[in-house]
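Have a look at the structure below before the remarks.
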Amino acid sequence: MAMSFEWPWQYRFPPFFTLQPNVDTRQKQLAAWCSLVLSFCRLHKQSSMTVMEAQESPLFNNVKLQRKLPVESIQVVLEELRKKGNLEWLDKSKSSFLIMWRRPEEWGKLIYQWVSRSGQNNSVFTLYELTSGEDTEDEEGSRFVGVS
Amino acid sequence: MDRFVWTSGLLEINETLVIQQRGVRVYDGEEKIKFDAGTLLLSTHRLIWRDQKNHECCMAIPLSQIVFIEEQAAGIGKSAKIVVHLHPAPSNKEPGPFQSSKNSYIKLSFKEHGQIEFYRRLSEEMTQRRWENMPVSQSLQTSKGPQPGRVRAVGIVGIERKLEEKRKETDKNISEAFEDLSKLMIKAKEMVELSKSIANKIKEKQGDITEDETIRFKSYLLSMGIANPVTRETYGSGTQYHMQLAKQLAGILQAPLEERGGIMSLTEVYCLVNRARGMEVKMELLSPDLVHACKMLEELKLPRRLSVFDSGVMIIELQYHKEEEMLASVLEMILEKGSLTSEEFAKLVGMSVLLAKEGVLLAEKMGHLCRDDSVEGLRFYPNLFMTQS
């Protein structure tokens with residue numbers, strides 16, 4: 001069910017790989033990076049990564065364009081994601097991280113909505129059932145499939 | 001201190017400025033007096049001190065009054081000094097700041113440095129004694145040595161006199177050696193006079209020079225020497241001088257500014273103007289003067305403007321060449337070419353790279369451009385982050 005990943009226009013724009021000194025420009029740039037990271041990880045079902053992997057991943061390294069985001073700038077992007085609640089560091093040395101392309105609160109909300117809709121409030125429900133049950137085959141429920 | 005004489009600070013005919021230094025304090029012997037911050041000027045005839053805060057307060061000592069000079073090195077918390085030993089004041093001396101003084105020497109303290117060079121120049125002038133060859137008005141001439149009939153004294157005065165006689169002897173030898181050089185200087189002066197008169201003739205369209213030749217000759221003059229150089233001598237010091245200088249600058253800079261896309265850095269201006277003014281007045285256009293004159297440009301409604309970039313670089317720009325025009329030019333070029341480095345932009349517009357860089361950085365600051373920094377170099381693109389969704 002993997003869709004082919006469509007890179008955003010910024011990915012082919014060389015300045016995207018240089019951290020912009022102009023504050024307003026940088027804001028837009030970082031926002032674009034954050035959403036790119038999240039959609040990339042979501043498509044590839046990648047929930048955790050090391051910084052080393054990130055550097056070499058096509059996500060931050062556009063081989064065709066011959067541009068890669070330098071590691072200091074990657075750190076800035078990751079920090080943005082952490083501030084927004086989409087990232088958690090897995091170790092003190094900040095070498096690997098967890099990516100949550102949906103924040104925990106968002107999951108909570110969705111689960112609750114789905115549960116209410118399928119009338120399963122007030123009954124105990126395992127995570128397994130949620131992520132692989134037949135009930136979850138409909139469009140909405142499929143969102144839960146494959147979530148770790 | 002009673003040897004000083006009040007003066008206007010204007011140089012006489014045949015008197016030339018040798019060197020000047022700001023930030024000089026005068027001591028009467030060892031005592032500090034009120035003259036604590038001034039510009040010290042050395043001419044071929046005199047040592048002039050002018051108060052930095054009040055230009056009206058200006059006094060001078062003829063060099064002939066100096067017996068000898070000494071250097072005093074700088075110490076902790078103390079600036080380097082020159083000690084100037086003086087002859088007693090002549091009886092016909094003009095009024096000055098002090099009627100009498102118990103000291104026969106003064107000290108000059110160089111709070112903003114410059115002592116070494118000044119000392120060297122002053123020693124040179126003392127050796128050459130050019131004031132003897134080029135007499136000026138009577139008031140400057142004072143006793144050069146012992147008056148006839150004076151009793152031959154012993155002690156300090158005797159020593160002073162001996163030193164002076166020795167100096168005269170040395171000087172004679174040196175001036176013989178320099179005779180050729182001074183002849184050359186005289187010829188140079190004649191050349192300048194000649195070009196002045198030709199330029200004047202051109203102005204009045206006298207003589208049978210054709211229009212075409214007139215223009216060509218004018219341009220030669222401009223790159224080689226201006227007909228009527230504005231100098232401190234003609235206008236004295238102070239704002240009058242700067243005003244005139246500013247007017248002259250505006251004239252000189254018109255063509256070069258246009259050639260360089262309407263903008264020039266201050267160092268470029270300085271070099272150009274000094275070359276144009278020729279050697280005769282080269283000493284005089286020091287950078288503070290230039291900056292003052294440039295600051296006045298806008299006031300005088302001359303179509304030039306002095307601007308300062310963030311980095312501190314100062315430029316002269318044609319007044320109609322405002323920031324918006326520069327920005328428009330940057331954007332136009334970048335849209336045409338897709339992306340540009342500052343060197344490429346400089347080449348396209350005919351501007352110096354330094355200024356092109358400033359323009360590009362300005363456009364980035366305003367959010368019109370974004371940068372791509374890679375091993376290929378620093379390149380600028382239209383800021384699509386802002387213009388596209």
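No experiment lies behind these values; they were computed from the predicted model shown. Naming: A, B, ... by sequence-line order, numbering from 1 per chain.
- The number of heavy-atom neighbours closer than 6.0 Å to CD of A:Glu79, taken from other residues, nucleotides and ligands shown, is above 12.
- A:Gln20 contributes a side-chain N or O that, together with a main-chain N or O of B:Arg371, makes up a donor-acceptor pair within less than 3.5 Å.
- The distance from atom CD of A:Gln27 to atom CE of B:Met386, rounded to the nearest 0.5 Å, is 8.0 Å.
- The shortest non-hydrogen separation linking B:Leu384 to A:Phe13 is CD1-CE1, 3.5 Å.
- Enclosure of atom NE2 in A:His44 by more than 12 non-hydrogen atoms of other residues, nucleotides or ligands within 6.0 angstrom is indicated.
- Residues A:Arg67 and B:Glu376 form a side-chain contact, since some pair of their non-hydrogen atoms from C-beta on lies under 4.5 Å apart.
- Environment of CD in A:Glu88: sparse, with no more than 12 heavy atoms of neighbouring residues, nucleotides or ligands closer than 6.0 Å.
- Only the side chain of B:Asn383 comes within contact range of chain A, with heavy atoms under 4.5 Å apart.
- Note that NE2 of B:His368 is 10.5 Å distant from OG1 of A:Thr25, once rounded to the nearest 0.5 Å.
- Dense packing is recorded around NZ of A:Lys84, with more than 12 heavy atoms of other residues, nucleotides or ligands lying under 6.0 Å away.
- Residues A:Gln10 and B:Phe385 share a closest heavy-atom pair of CG-CE2, 4.1 Å.
- If you tally non-hydrogen atom pairs under 4.5 Å between each of B:Val375, B:Leu369, B:Asp372 and chain A, the highest count goes to B:Asp372.
- Of the two parts of A:Phe17, neither the backbone nor the side chain holds a non-hydrogen atom closer than 4.5 Å to a non-hydrogen atom of chain B.
- Between the side chain of A:Asn22 and the backbone N or O of B:Glu364, at least one donor-acceptor pair lies under 3.5 Å.
- When every heavy atom of B:Tyr381 is checked against every heavy atom of A:Pro14, the shortest pair comes out as OH-CG, 3.3 Å.
- Rounding to the nearest 0.5 Å gives a distance of 13.0 Å between CG of A:Asp24 and SG of B:Cys370.
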